[in-house]
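Naming convention: chains lettered A, B, ... in sequence-line order (proteins, then strands); numbering from 1 in each chain. All values derive from a computational prediction rather than experimental measurement.
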Protein chains: 2
Amino acid sequence: MLSQTSRYALHALIVIARSSGQANVRVIAEETSIPMNYLGKILHVLGRRGLLRSSRGVGGGFWLARPPQQIPLIEIIEAFEDRQFFARCLLGSESCPEGRPCAAHALWAPIVEQTRQFFEATTLADLLAEGQALEALAGPARLPSGSELSIDGVEW
Amino acid sequence: MLSQTSRYALHALIVIARSSGQANVRVIAEETSIPMNYLGKILHVLGRRGLLRSSRGVGGGFWLARPPQQIPLIEIIEAFEDRQFFARCLLGSESCPEGRPCAAHALWAPIVEQTRQFFEATTLADLLAEGQALEALAGPARLPSGSELSIDGVEW
DNA sequence: TGCAAAGCTCATATGCTCATGATAATATCA
DNA sequence: TGATATTATCATGAGCATATGAGCTTTGCA
């Protein structure tokens, strides 16, 4: 559904948001298992898109340019998927030129539209909240095992 | 969303169903603009999956193995997409191993499930009916232009 | 019985996504 | 000011989905 690259971007942003401050490429790559060089490129794109800020040099890294409530998932996706990602019909836009819908169009359109609305309405904050809920459920049993995904200290 | 190959398969099946009988690769390729050799391979796969029958030699071609009411779209898709097509989470199955859902999982699951149900519930016949409805709307204005997509004579 | 039509099969090419590696630019700090 | 840490940028490669091309096999028909 989503490209690997989009999924990397989402995952990286979740980790950055959780880190309550700056996070550098190496650390994010370790935590997410995303190849480091590739991740650098992805974060750079997110920077140009206005989702991340960055600084170089010692102590540098990336951080969210906006609070996660103001980062809808669709912005992340649009950075890496081509423009027709949501415009495309079941049979492809070739079979379905403007104004001459193909046989599948009307049936498929509601599905696409609902998916698009999901990505528009859901924000990075929603994902963080969901992750927090999961941790509350499973947390006590595996806190001692040392996974340091703490969500505290986020100042938004 | 769907791979090019799946979309080719869908499109070809629509054309075959409309042809009310046999259709050969060359004709289908011309009508759909799908590369002929590639189409041949796709139809062969659909044959092995039990969706098409074929015969060789002069006058040979492909035809539906079942009435279109009994061909759900999901069967077509499963022939060309990998098994995890609907199992996959927003962040990918790597981030989301069995029994340990990722942050996005619960939010995304309903979207995937609804999409899966669409492909299960919608049949080739539904696409044909939709195409017929479109033609009824726009038909009179462009019938003289010679597009011979007649739907008559289907004996199912 | 031989030719032509059509599907079948395999080998190869191409283009894109994903990934790697090296180097440059910039920032911090002793 | 030099050593180090970190992002920025560019060149290159790997692998897969997509596509092409050629020859093989089967079938129908004159």
Side-chain angles (χ1 to χ4, degrees), chain A residues 1-12 16 19 21-30 32-49 51-65 77 79-85 88 91-92 94-95, chain B residues 1-12 16 19 21-30 32-49 51-65 77 79-85 88 91-92 94-95:
Chain A
M1 172 80 201
L2 288 185
S3 69
Q4 180 75 282
T5 306
S6 292
R7 280 182 270 131
Y8 281 168
L10 270 175
H11 198 173
I16 293 172
S19 79
Q22 243 153 296
N24 70 44
V25 177
R26 188 179 46 76
V27 167
I28 301 166
E30 276 165 10
T32 58
S33 303
I34 300 170
M36 195 177 86
N37 283 319
Y38 196 56
L39 177 60
K41 200 170 140 187
I42 290 170
L43 297 182
H44 177 65
V45 169
L46 291 172
R48 277 194 287 135
R49 284 273 175 161
L51 299 182
L52 289 178
R53 313 288 296 270
S54 66
S55 77
R56 303 209 258 198
V58 177
F62 290 88
W63 62 97
L64 297 185
I77 289 163
F80 301 101
E81 308 293 337
D82 66 57
R83 187 165 309 159
Q84 301 227 318
F85 189 66
R88 191 167 280 171
L91 298 185
E94 319 83 44
S95 321
Chain B
M1 173 76 201
L2 288 185
S3 68
Q4 179 75 282
T5 306
S6 292
R7 280 183 270 130
Y8 283 168
L10 272 175
H11 198 173
I16 293 172
S19 77
Q22 243 154 293
N24 70 43
V25 176
R26 189 180 45 74
V27 167
I28 301 167
E30 277 165 11
T32 58
S33 304
I34 300 171
M36 195 177 85
N37 282 320
Y38 197 54
L39 177 60
K41 200 169 139 185
I42 290 170
L43 296 182
H44 177 65
V45 170
L46 291 172
R48 276 194 288 132
R49 284 273 176 163
L51 298 182
L52 289 178
R53 311 288 294 272
S54 67
S55 77
R56 305 209 256 197
V58 177
F62 290 88
W63 62 95
L64 298 185
I77 289 163
F80 301 101
E81 308 293 336
D82 66 55
R83 187 164 309 159
Q84 300 228 317
F85 189 66
R88 189 169 280 169
L91 298 186
E94 317 84 45
S95 321

Walking along DNA chain D from 5' to 3', note the first and the last nucleotide with an atom under 4.0 Å from a heavy atom of chain A, and give both. D/dT4 to D/dT9
In whole angstrom, what separates B/Q22's CD from C/dA6's P? 10 Å
Which sits closer to the 5' end of DNA chain C, A/S6 or A/S55, going by the nucleotide each is nearest to? A/S6
To the nearest Å, how far apart are B/N24 CG and C/dA5 P? 11 Å
Shortest non-hydrogen contact between A/S55 and A/Q22, atoms and distance: OG-NE2, 3.3 Å
May I have the step-by-step check of side chain to side chain contact (heavy atoms under 4.5 Å, CB included) for B/L51 and B/L64, ending in yes or no? CA-CA 6 Å; B/L51 298 182; B/L64 298 185; over 6 Å; no
Within the side chain of A/E81, is there an N or O that forms a donor-acceptor pair under 3.5 Å with the backbone of A/S6? no
Take atom CZ of B/R53 and atom C1' of C/dC8, then tell me their distance rounded to the nearest Å. 17 Å
Mind listing the side-chain donor-acceptor pairs of residues 35-45 of chain B below 3.5 Å, one per line with the distance, residues two or more places apart or on another chain?
from	atom 1	to	atom 2	distance (Å)
B/Y38	OH	B/T5	OG1	2.7

So, for A/G21 and A/W63, which heavy atoms are closest and what is the spacing to 0.1 Å? O-CB, 3.8 Å
Regarding B/G61, tell me which of base, sugar-phosphate or nothing describes its non-hydrogen contacts under 4.0 Å with the strands shown. sugar-phosphate
Could you tell me which non-hydrogen atom of B/R7 sits nearest to which non-hydrogen atom of A/G92, and how far apart they are? CD-N, 3.3 Å
Please give, in whole Å, the distance from C/dA27 P to A/F62 CZ? 14 Å
Would you mind classifying the nucleic acid contact of A/F80 as base, sugar-phosphate or nothing, using non-hydrogen atoms under 4.0 angstrom? nothing
The bend of the helix from C/dT1-D/dA30 to C/dA30-D/dT1, taken between the axes of its five terminal pairs at each end and rounded to 10°, is 10°
Separation of atom CG in A/L2 from atom C1' in C/dT17, rounded to whole Å: 14 Å
Restricting to side-chain contact (heavy atoms from CB on, under 4.5 Å), what partner residues turn up for B/R56, sequence neighbours left out? none
Mind calculating the distance between CG (B/L46) and C1' (C/dG7) to the nearest angstrom? 14 Å
For B/L91 against A/H11, the heavy-atom pair lying closest together: CD2-N, 4.1 Å
Show your reasoning for whether side chain to side chain contact (heavy atoms under 4.5 Å, CB included) applies to A/I77 and A/L2. CA-CA 8 Å; A/I77 289 163; A/L2 288 185; 4.0 Å; yes
Using the 3.5 Å cut-off, write out each protein N or O paired with an N or O of nucleotides 24-26 of chain C and the distance between them.
from	atom 1	to	atom 2	distance (Å)
C/dT26	O4'	A/R56	NE	3.4
C/dT26	O4'	A/R56	NH2	3.3

Output, in order, the C-alpha distance, side-chain angles, deciding distance and verdict of side chain to side chain contact (heavy atoms under 4.5 Å, CB included) for A/I28 and A/I34. CA-CA 8 Å; A/I28 301 166; A/I34 300 170; 5.5 Å; no
OG of B/S19 to CG of B/N24, rounded to nearest 0.5 Å, is 9.5 Å
Please list residues of residues 37-44 of chain B whose heavy atoms come under 4.0 Å from any atom in DNA chain D, ordered by number; otherwise none. B/N37, B/Y38
To the nearest Å, give me how far apart CE (B/M36) and C1' (C/dT9) are. 14 Å
Rounded to whole Å, how long is the line connecting atom CZ of A/R26 with atom P of C/dT20? 17 Å
Just verifying a value: how many Å separate B/L10 CG and B/T32 OG1, rounded to the nearest 0.5 Å? 12.0 Å
Between A/A79 and A/L46, which heavy-atom pair has the shortest distance, and what is it? CB-CD2, 4.5 Å
